[in-house]
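Here is the naming used below: chain letters follow the sequence lines, and residue numbers restart at 1 for every chain.
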Amino acid sequence: GDSVTQMEGPVTLSEEAFLTINCTYTATGYPSLFWYVQYPGEGLQLLLKATKADDKGSNKGFEATYRKETTSFHLEKGSVQVSDSAVYFCALITDRGSTLGRLYFGRGTQLTVWP
Amino acid sequence: DTGVSQDPRHKITKRGQNVTFRCDPISEHNRLYWYRQTLGQGPEFLTYFQNEAQLEKSRLLSDRFSAERPKGSFSTLEIQRTEQGDSAMYLCASSLGPLGEQFFGPGTRLTVL
């Protein structure tokens, strides 16, 4: 079945450090891939997305590239800020079959950035 | 755009009691989803509606769970005879179409004592 595997956290970084959070997926068909972010006390928000192979999603300095050959969608940011502290979820949505439209999430990675 | 709203935000109940949660989606969205998130895990799909029709239910949704979306507007999720294992954050999301971006509400945190 469809699934997402996300690197386990937590991740603790100093401000301005480079961030990578690994995400790999298993899917039938041609899924769209997402990164969602959950700030403390807030709901899930879409951070970025990519809908086909080799697409790069980007937002707020974060980037992720849809790699079909390695079934990966790793999240990166060149210089993190304290305000980036949150839980990050990798997710996919299937484009066909009975599960069309259902989001599959990874376990989430807690990121803490220290000043 | 008022976003997706959920009520209540927190619910504490005793084991065996019934609880009901409400979700108000973004008004023009025809799809509405319910997910459950337990501590340290990502959200897991429970069920979804296309307008007023409930089209799929996860195996996570036991017979004690029921969801409705009358008139294709707001939705309710009821849990009967709650168990401690039902303690979780219940999330609602809505989208325009099956592959539209899903917008999430703030969630209802359920604690079963």
Mutual orientation of the aromatic rings belonging to Phe89(A) and Phe105(A) [parallel < 30°, tilted 30-60°, perpendicular > 60°]: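 Ring orientation of Phe89(A) relative to Phe105(A): perpendicular.
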Parallel, tilted or perpendicular: ring planes of Tyr35(B) versus Phe104(B), cut at 30 and 60 degrees: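 Tyr35(B) and Phe104(B): tilted rings.
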Chain A contact via Leu55(B) - side chain, backbone, both or neither, heavy atoms under 4.5 Å: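 Contact with chain A involves no heavy atom of Leu55(B) at all.
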Side chain, backbone, both or neither of Tyr36(A) within contact of chain B (heavy atoms, under 4.5 Å):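 Contact with chain B is through the side chain of Tyr36(A) alone.
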Toward chain B, the part of Gln45(A) with a non-hydrogen atom under 4.5 Å: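 Neither part.
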Residue among Gln37(B), Gln102(B), Arg9(B), Gln6(B) with most heavy-atom pairs under 4.5 Å to chain A: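 Greatest number of close heavy-atom pairs with chain A: Gln102(B).
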Closest-packed option against chain A by number of heavy-atom pairs under 4.5 Å, given Gly107(B), Pro43(B), Pro106(B), Gly42(B):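 Answer, by heavy-atom pair count under 4.5 Å with chain A: Pro43(B).
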Steps toward salt bridge (Lys or Arg N to Asp or Glu O under 4.0 Å) verdict (Lys71(B), Glu52(B)): CA-CA 6 Å; Lys71(B) 302 179 183 179; Glu52(B) 67 275 9; over 6 Å; no
Under-4.0 Å salt bridge between Glu63(A) and Lys56(A):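 Salt bridge present between Glu63(A) and Lys56(A).
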Arg64(B) and Asp86(B) ion-paired at < 4.0 Å: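 Answer for the salt bridge query: yes.
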